[in-house]
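What follows is one structure encoded as C-alpha cells, with my remarks underneath.
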Amino acid sequence: MKLVRAEQVLALLAIIAVLVTTAPATASGDWQPDPERYGAGVREEVPVTMADGTVLRADVHYPTDPATGEPATGPFPVVLTQTPYGALMNIAPGLTETDGGGADDDFALLGGGNDYLVKRGYLFVVADVRGTGTSQGVWDFLGPQERADGAALVRWAAGLPESSGSVGLLGASYMGINQFFTAAELGPDSPLKALFPVMASNSPYRDMAFPGGALGLSAGALYLGLTGLMEVANLLTALHPDLAKVLAQRVAGLLNMHGGLAVDVLTDGDRGYDEAYWQSRSPRSVLPAVVQAGVPAYLVGGWQDTFQRGEPLNFTDLQTVAAGAAPGGPMRPDQPARPEYQLLTGPWQHVTAGNGIDLNRIQLRWFDQWLKGRDTGVTDTDTPLHLYELGSGRWLDASHFPLPQTVPTAHYLREDAKLATALPSEPERDDVLLHTPVASPCNGGLDQATAGGLIAMLGALGLPEPCATNDNTAQLPPFAHTYTTEPFSAATTLAGPVSATLYVTATRPETQLVVTVSDVAPNGLSSPITSGALMGSMRAVDPARSWFAPDGNYLLPYHPYTRASKAPVPVGEPVRYDIEIAATFAQFRPGHRLRVTVSTVDTPRLLPKVAQLPGVLGGVYRVHHDPGLASFVELPLALSAAFTDLAEVPRG
C-alpha cells in the first residue's frame with residue numbers, strides 16, 4: 001500500500017472546506033458530485049485484531065482540513081476495500097488507476113487509495129486480507145475465515161473515530177468478489193449499507209479456473225504466478241512488522257492455494273471439479289443471502305473481461321431472488337426490475353474497467369445515496385441494466401436479462417460454410433476436424449485470459465493490438481471450420497447468452513470443442529465477439545438449472561462439472577454437445593455478417609487437464625449436418641432499432 005499523491009487544492013476550495021463540512025440534501029434531479037472540500041491524509045498499517053488474535057493491517061485514508069492539514073471533523077461514512085494484493089500496490093501502483101475520472105482519479109482496481117471519495121467527505125479503508133500484504137495469518141482464497149474477517153472489518157470500520165457508522169464496500173476483481181461474502185456473513189441490520197463490485201465473478205471455477213471443464217491455463221497461470229510473486233516480493237522488499245511469524249504463514253498459504261491447486265490439476269484431484277471447494281467460493285452460492293441482508297449492489301462488468309460470463313448472472317440472480325424466485329434462472333419478463341441492483345457493462349478487459357467514463361462519479365452517486373442518505377436519483381429507474389453496444393458505441397438502458405426484445409433463433413451449420421435458419425432437408429457432407437493441441441495465440445481469448453494486460457502493455461509502448469481482427473479463422477480445415485450468414489440488410493444486435501448444439505462423432509474418448517462468434521466486415525476482416533468451450537467428458541447437462549429459449553432449445557445450458565457427471569465420449573458414435581457461450585451485446589452493421597467458428601483448441605486460454613490429455617490427443621471429429629443430427633447455434637437477435645433507451649453514462 002503506502003500510495004501517496006501530492007495534493008493541490010485551490011485557495012477558494014480551502015475556504016469553503018472550513019465553512020462547510022457536510023453536503024446538504026438535494027433533490028434527485030439536482031444531484032451533482034460535491035467539489036473537493038477536503039484534503040487527504042493516511043494512517044498506515046493500522047492493526048485490527050480478529051477474534052482468534054490474528055492481526056490484520058489496514059491503511060485508513062481520511063479527510064483533512066485543507067487549510068491546516070489536520071484531520072477534518074466528521075462524521076464521515078466509510079468505504080472499505082479488502083485486498084490480497086498489498087505487495088503489488090508497492091511495486092506496481094500504476095495499475096490501480098483507470099483513465100476514466102480525470103487527473104485525480106484513484107479508482108483502485110487492485111486495492112489502492114481513493115482520494116476522490118476522501119476529498120468529498122468519506123473515510124476510505126484498504127485492508128490486507130488474512131495472510132497477504134502485512135496482515136498475519138494464512139491466506140485461504142475466499143475461504144470461510146476470510147468471510148468472518150470481512151464482517152469484523154466492517155464492524156471495526158463503522159466504529160472508527162469520525163465514522164458515521166455507515167459502511168460501503170468497493171473494489172474490483174477479488175475485491176469485488178469478496179464483497180458478496182462479507183455482506184452474506186453480516187446479514188440484515190448491519191453497518192454495511194451498499195456494495196460496488198467491479199469485474200466480479202459469479203463462479204471462479206467456470207469463469208476463470210476451468211471454463212468448459214478444461215484448464216484455464218493462461219488466466220490461472222497468470223493469477224497464481226502474480227499472487228505467488230507478490231507474496232515473495234512482500235517478504236523480500238518490506239520490513240514486515242511480524243516477519244519471523246509471518247514467513248511460515250506465507251509458505252503455508254502458498255502451499256495450500258498454489259501448491260494444492262497445482263497438485264489437483266496434475267493428479268485429477270477434487271479441486272479440478274466444481275464441487276465443495278469451488279462452490280463455497282462462488283458468489284452465486286451467497287447471492288440469496290446478500291438479498292436477504294438488504295444490501296444494494298451496483299455491479300460493473302466488461303464484454304471482454306475475464307469474468308464476462310458471470311457478471312450478467314450476478315445481476316440476474318440478485319434481481320430474481322429479490323422478486324421471490326429461486327436463484328439460477330433467467331429474469332421473467334413480467335417481474336419488476338429492482339433499482340437496488342444495477343449492472344453497468346462496458347467494452348472493457350479486466351484491467352481497463354471504466355476507461356472512457358467517469359466511474360468515480362458513478363460510485364460517488366451510489367454511495368451518497370446509501371451511505372449519506374442523499375436522494376441522488378440513482379434509484380429512480382426501472383431500467384437498472386446499462387449496456388455498451390459493441391459495434392455501435394451506444395450506451396443503452398434495459399430492464400431485464402435476457403433482453404426481451406430478442407428472438408432466439410436456431411442458425412444451422414450448413415455445408416459450404418453457410419450459417420442459415422433453414423434446417424437441412426437432406427443429409428449434407430460432414431465437416432472433418434483434427435484435434436490440435438496448440439494453435440495461433442492471436443485470438444480474443446488471449447486478451448481476456450491476460451486480463452487486458454497485454455493490450456495495456458502494448459498501448460504503453462505505443463504499439464497496436466495485433467489480434468483485434470483475427471479470431472483464428474485463418475486456420476483452414478481440417479483444424480477449424482467457419483459458418484457465415486448472409487450480410488445483414490439492417491443493423492442487427494446480438495444480445496444475451498448464446499448456445500451451440502453440435503452433433504459430433506469422434507475417434508477418441510475425450511474431445512475438446514471451441515465455438516467463437518465473430519463480426520465479419522465487408523472487407524473480410526473478422527473481429528471476435530464471444531466464445532465458449534466444452535470438454536466432451538463434461539458434456540452432461542442439468543436441464544433444471546439451464547435456461548431455455550422459446551423454441552425449446554437451450555439458451556444457457558448448465559453443466560454440473562462434477563466428478564459424478566463425468567463420462568467418456570463413446571468412440572465412433574454421434575454425440576450431442578451443448579456449449580455455453582458467454583453473453584454479449586453487439587451490433588452487426590448493414591453489410592456485416594455473423595460468423596461461427598468451430599475448432600478444437602483455444603491457445604493459450606484453455607488446455608485439457610493432465611488426466612484429459614491422453615484421451616483427447618490425435619482425435620478426429622466429424623461435425624454432422626443431417627436433418628436428424630443438425631448442428632446449430634441459438635442466436636438471440638433483434639433489430640438494433642428495437643433498443644431505444646439511451647443510457648446517460650458520464651464520460652471521462
Side-chain angles (χ1 to χ4, degrees), residues 81-85 109-111 129 140-143 146-147 150 169-184 195-216 218-224 226-227 257 261 271 274-275 277-290 297-318 327-328 341 343-346 348-353 401 445 448-452 497 530-533 556 558-559 561 580-584 605-606:
T81 291
Q82 303 170 74
T83 177
Y85 305 129
L109 175 63
L110 298 178
V129 303
D140 183 18
F141 177 84
L142 297 172
E146 188 174 306
R147 302 176 201 180
L169 299 181
L170 172 66
S173 191
Y174 194 101
M175 295 85 71
I177 296 171
N178 62 22
Q179 294 179 44
F180 299 118
F181 293 110
T182 298
L195 311 181
F196 202 99
V198 179
M199 302 306 199
S201 171
N202 176 262
S203 165
Y205 180 95
R206 295 160 188 265
D207 294 342
M208 182 180 74
F210 297 97
L215 174 63
S218 49
L222 178 67
Y223 187 77
L224 291 178
L226 176 69
T227 52
M257 170 64 179
L261 187 58
R271 275 186 274 191
D274 193 11
E275 297 179 345
Y277 179 86
W278 289 107
Q279 289 177 14
S280 69
R281 288 161 173 79
S282 296
R284 64 183 180 181
S285 68
V286 298
L287 291 178
V290 173
Y298 194 107
L299 318 176
V300 177
W303 293 130
Q304 299 172 5
D305 181 35
T306 307
F307 300 144
Q308 171 193 355
R309 171 198 169 275
E311 289 148 357
L313 299 182
N314 284 335
F315 170 80
T316 303
D317 271 354
L318 290 168
Y341 307 109
L343 170 63
L344 173 79
T345 299
W348 304 307
Q349 290 92 17
H350 203 61
V351 301
T352 61
F401 186 84
Q448 285 186 301
T450 59
T530 187
S531 66
L556 195 162
Y558 183 89
H559 300 278
Y561 296 132
E580 177 187 358
I581 299 172
T584 190
R605 176 162 53 179
L606 299 178

To the nearest 0.5 angstrom, please state how far the [atom1] atom of [X] sits from the [atom2] atom of [Y].
X      : Y      : atom1 : atom2 : answer
Met208 : Ser173 : CE    : OG    : 7.5 Å
Leu261 : Tyr277 : CG    : OH    : 6.5 Å
Gln279 : Tyr205 : CD    : OH    : 10.0 Å
Tyr298 : Leu344 : OH    : CG    : 4.5 Å
Asn202 : Leu287 : CG    : CG    : 6.5 Å
Met199 : Asp305 : CE    : CG    : 4.5 Å

Looking at residues at least two apart in the chain, or sitting in another chain, which of them share a ring pair (Phe, Tyr, Trp, His ring centres under 6.0 Å) with [X]?
X      : value
Phe401 : none
Phe141 : Tyr174
Phe181 : none

Exercise: identify the closest heavy-atom pair between [X] and [Y]:
X      : Y      : value
Val286 : Ala184 : CB-CB, 3.8 Å
Phe180 : Pro283 : CD1-CB, 3.7 Å
Ala533 : Leu606 : CB-CD1, 3.4 Å
Ile177 : Leu142 : CG2-CD1, 3.7 Å
Gly143 : Arg281 : CA-NH2, 3.8 Å
Ala297 : Leu318 : CB-CD1, 4.3 Å

Tell me every residue that passes salt bridge (Lys or Arg N to Asp or Glu O under 4.0 Å) with Arg271, counting only those two or more places apart in sequence or in another chain.
Asp264
side-chain hydrogen bond (donor to acceptor under 3.5 Å, both in side chains) partners for Asp317, two or more places apart
none
Report the residues that fulfil side-chain hydrogen bond (donor to acceptor under 3.5 Å, both in side chains) with Tyr561, sequence neighbours left out, ordered by chain and then residue number.
none
Does anything in residues 202-212 form a salt bridge (Lys or Arg N to Asp or Glu O under 4.0 Å)? List the pairs, not counting sequence neighbours.
Arg206-Asp274, Asp207-Arg309
Does the pair Phe315 and Thr345 meet the rule for a side-chain contact (heavy atoms from CB on, under 4.5 Å), with working shown?
CA-CA 11 Å; Phe315 170 80; Thr345 299; over 6 Å; no
Side-chain (Glu580) to main-chain (Gly532) donor-acceptor, under 3.5 angstrom
no
Could you check whether any side-chain N or O of Ser282 sits under 3.5 Å from a backbone N or O of Trp278, counting only pairs where one atom can act as donor and the other as acceptor?
yes
Not counting sequence neighbours, which residues clear side-chain contact (heavy atoms from CB on, under 4.5 Å) with Gln82? List them please.
Leu80, Val129, Leu153, Leu169, Asn178, Thr182
Mind checking what makes side-chain contact (heavy atoms from CB on, under 4.5 Å) contact with Thr530, not counting sequence neighbours?
Gln308, Val517, Ile581, Ala582, Thr584
Derivation and outcome, side-chain contact (heavy atoms from CB on, under 4.5 Å), residues Ser203 and Arg284
CA-CA 7 Å; Ser203 165; Arg284 64 183 180 181; 4.1 Å; yes
Between Val300 and Phe196, is the side-chain contact (heavy atoms from CB on, under 4.5 Å) condition met? List the steps.
CA-CA 8 Å; Val300 177; Phe196 202 99; 3.8 Å; yes
Between Asp140 and Arg147 (salt bridge meaning N to carboxylate O under 4.0 Å), is one present in this structure?
no
